[in-house]
Amino acid sequence: MRTFVVMVTTILLVAGNLYVAFAQEGFVTHEGRYLSIQTPQSWIDLRKIDDLQAYIRETDNLHENFLSSTQVLYESAQAGTSDLALADTETSSTLNGIVVPNSPLLLEEIDAQIQAQIEQLNGELLITQYVDLPVGTAVFYRAQTQRLNFDIYGFVDRRNTYYVIITARRGNENFDEFSEIMNTLKLIDHSIVREVNEEEETATYIAPDFQITMPINWLPIDDPQLEVLIEENPALNSEFLTVLRNSLSPSIELFLIEPLTAWNMSVVVLSLDMLGVETLEEAKLDIEAQLRLLQAEESNIEVPIFEEIEIPAGEALRWDLVRDSQNILSGSDVRLHSVQIGLIHEGNSYTVTFTVSADAFEDMEPVIEEAIESIKFKE
């Protein structure tokens, strides 16, 4: 739960000014990858702002504490850590939605963790209880520090753990509007169907907006069968899987692992608004700049391929990275070869990454090529 600890601590330090009542102008919907919520129109999505300083300079009637209230949350949104990152332009109140994927907890565990964090921040508890939200039962804390009021909601589904943190400056005793916002909270359906073709020894993963076909022995990171296979496969153990699962970003739509080797494949989906690009050509320039920076910082990195390609899913970018890395548990050195495919479709970027050991790449390349050719978008 390190992500939760960091975000609670930092956002409590930079929250905004006195909260005032909403003007009832109608609600607008904000969607992340996992969470959807409705707010009055004065609330904005920080993920859609390319430059916070420029936005503040160009926008009239912003609250005087808007920058200090939103800076850390804005940086979190740009880094992809927050699934929802909203701020009220009238009051500088903020809402941070955090998703910890593939790590469902008991509500009692969430309860204990939130309480421990509030105690570490010397926060005073005003309310602690279980509440019913549209997404189910949640742990709810209302607390305050010397300068801030904040509400924290924690809840789970069968795959993920969620936290929603709302902050405002001390002095506001009416949180009815926050409750009204939380009563619009919904989970976005990201269930992925796995269709197995025994004859071809493949499995097709069908997400709401795309699909890809992989060898049948590559399994989703949350598949219970991985735990069963641990005793048979030296590349796996429970600690490795736990560390890997906890390190995954909420923007990863699909993560598969090959049990014998721990080679993996991931699909990352991000909105173009968050990335600040609109076209594949703009994405290419951005990726080229990132690759140059990587090579300047790490002399061992090779980029044997960087090109535009045409695949059944449409125009795409392909770039290969060969670099030295370390086993996340043993610390032993390993040289890895990653193939990354970048696509743009209906306002989102899709980055598909295949990572194998460099020694095995020649044997695995046909498998990777077939998987790339299998990528499809829903019409």
Would you say Ile252 ends up clustered with Leu270 if hydrophobic residues are merged whenever their side chains have heavy atoms under 4.5 Å apart, either directly or through other cluster members?
yes
Is it the case that over 12 heavy atoms from other parts of the model lie below 6.0 angstrom from the CD atom of Glu365?
yes
Stepwise side-chain contact (heavy atoms from CB on, under 4.5 Å) check, Thr39 with Val28
CA-CA 6 Å; Thr39 68; Val28 295; 3.9 Å; yes
Can you confirm whether more than 12 heavy atoms, excluding those of Glu362, are under 6.0 Å from its CD atom?
no
Find the distance between NE2 (His30) and CD1 (Ile37) and round it off to the nearest 0.5 Å.
8.5 Å
Is the ring pair Phe155/Tyr162 parallel, tilted or perpendicular, if the boundaries are 30 and 60 degrees?
parallel
Shortest non-hydrogen contact between Val267 and Phe210, atoms and distance
CG1-CZ, 3.7 Å
Checking side-chain polar atoms at under 3.5 Å, does Asn96 have a donor or acceptor matched by the opposite partner on Tyr163?
no
Do the side chains of Thr59 and Thr89 get nearer than 4.5 Å, heavy atoms only?
no
Supply the atom-to-atom distance Leu285 CG to Thr279 OG1, rounded to the nearest 0.5 angstrom.
8.0 Å
Are Gln71 and Glu75 linked by a side-chain donor-acceptor pair shorter than 3.5 Å?
yes
Roughly how far, to the nearest 0.5 Å, is the CG atom of Asn217 from the CD1 atom of Ile257?
11.5 Å
Before giving the answer on side-chain contact (heavy atoms from CB on, under 4.5 Å), spell out for Glu198 and Ile216 the whole-Å C-alpha distance, their side-chain angles and the decisive distance to 0.1 Å.
CA-CA 8 Å; Glu198 297 284 359; Ile216 197 172; 3.8 Å; yes
With no hydrogens and no angle check, is any side-chain donor or acceptor of Asp83 less than 3.5 Å from a backbone partner on Val99?
no
Would you indicate whether Glu315, at its atom CD, is surrounded by more than 12 heavy atoms from other residues, nucleotides or ligands within a distance under 6.0 Å?
no
Measure the shortest side-chain to side-chain distance between Met265 and Ile368 over non-hydrogen atoms and say whether it is less than 4.5 angstrom.
no
Going by atom types alone, do Asp88 and Ser42 pair a side-chain donor with an acceptor below 3.5 Å?
yes
Could you tell me if Ser69 and Thr94 have a donor-acceptor pair between their side chains, going purely by distance under 3.5 Å?
no
Intermediate values then yes/no, salt bridge (charged side-chain N to carboxylate O under 4.0 Å, His left out), Arg335 and Glu302:
CA-CA 11 Å; Arg335 193 154 179 82; Glu302 300 175 24; 3.0 Å; yes
Quick one, Ile98 and Thr81 - any side-chain contact, counting heavy atoms below 4.5 Å?
no
Cluster link Trp319 to Leu280, ILVMFWY, side chain under 4.5 Å:
yes
Quick one, Ile344 and Leu272 - any side-chain contact, counting heavy atoms below 4.5 Å?
yes
Would you call Arg318 and Val339 a side-chain contact if the rule is heavy atoms closer than 4.5 Å?
yes
Can you check whether Ile206's main-chain N or O pairs, donor with acceptor, with Lys378's side chain at less than 3.5 Å?
no
What closest approach, in Å, do Leu86 and Leu73 show between heavy atoms, and which atom pair accounts for it?
O-CD2, 3.8 Å
Do the side chains of Met182 and Ile166 get nearer than 4.5 Å, heavy atoms only?
yes
If we ignore hydrogens and angles and just use 3.5 Å, is the side chain of Asp324 paired with the main-chain N or O of Asn300 as donor and acceptor?
no
Specify the closest pair of heavy atoms between Leu62 and Ile56, including all atoms of both residues, with the distance to one decimal.
CD1-CA, 3.7 Å
Side chains of Asp111 and Tyr141, donor plus acceptor under 3.5 Å:
yes
Return the minimal non-hydrogen interatomic distance between Ile110 and Gly154, and the atom names on each side.
CG2-CA, 3.9 Å
Main-chain N/O of Leu260 paired to Glu258 side chain as donor or acceptor, under 3.5 Å
yes
For a side-chain contact (heavy atoms from CB on, under 4.5 Å) check, start with the C-alpha distance between Arg323 and Ile301, then their side-chain angles and the critical distance, and finish with the verdict.
CA-CA 5 Å; Arg323 66 191 302 178; Ile301 291 181; 3.8 Å; yes
Determine the minimum heavy-atom distance between Ala371 and Ser374, stating which atoms define it.
O-OG, 2.6 Å
Using side chain to side chain contact (heavy atoms under 4.5 Å, CB included) as the criterion, point out the one residue from Phe354, Phe306, Phe361 that pairs with Asp320.
Phe361
Do you reckon Phe377 sits in the same ILVMFWY cluster as Tyr205, going by side-chain contacts under 4.5 Å, direct or chained?
yes
Out of curiosity, Glu31 CD to Ile188 CD1, how far, rounded to the nearest 0.5 Å?
4.5 Å
Kindly determine whether Ile375 and Tyr350 satisfy side-chain contact (heavy atoms from CB on, under 4.5 Å), including the steps that lead there.
CA-CA 11 Å; Ile375 299 171; Tyr350 295 77; over 6 Å; no
Side-chain (Ser92) to main-chain (Phe66) donor-acceptor, under 3.5 angstrom:
yes
Heavy-atom side-chain contact between Pro312 and Glu373 under 4.5 Å
yes
Common cluster, Val322/Leu291, ILVMFWY with side-chain heavy-atom separation under 4.5 Å:
no
Closest non-hydrogen atom pair between Trp263 and Ser357, with its separation:
NE1-N, 3.2 Å
From Ile311, Ile212, Val367, residue fulfilling side chain to side chain contact (heavy atoms under 4.5 Å, CB included) relative to Ile372:
Ile311
Would you say NZ of Lys284 has more than 12 non-hydrogen atoms from neighbouring residues, nucleotides or ligands within 6.0 angstrom?
yes
Counting only heavy atoms not in Glu307 (residues, nucleotides, ligands), do more than 12 fall under 6.0 Å from its CD?
yes
Do the non-hydrogen side-chain atoms of Thr184 and Thr29 ever get within less than 4.5 Å of each other?
no
CD1-CG distance between Ile341 and Leu317, expressed to the nearest 0.5 angstrom
8.5 Å
Using modelled atom types only, decide if a donor and an acceptor are shared between the side chain of Asn183 and the backbone of Ser179 within a distance under 3.5 Å.
yes
Taking Ile118 as the starting point, is it possible to reach Ile165 by hopping between hydrophobic residues whose side chains are less than 4.5 Å apart?
yes
Looking at CG of Asp132 and OG1 of Thr137, how far apart are the two atoms once the value is rounded to the nearest 0.5 Å?
4.5 Å
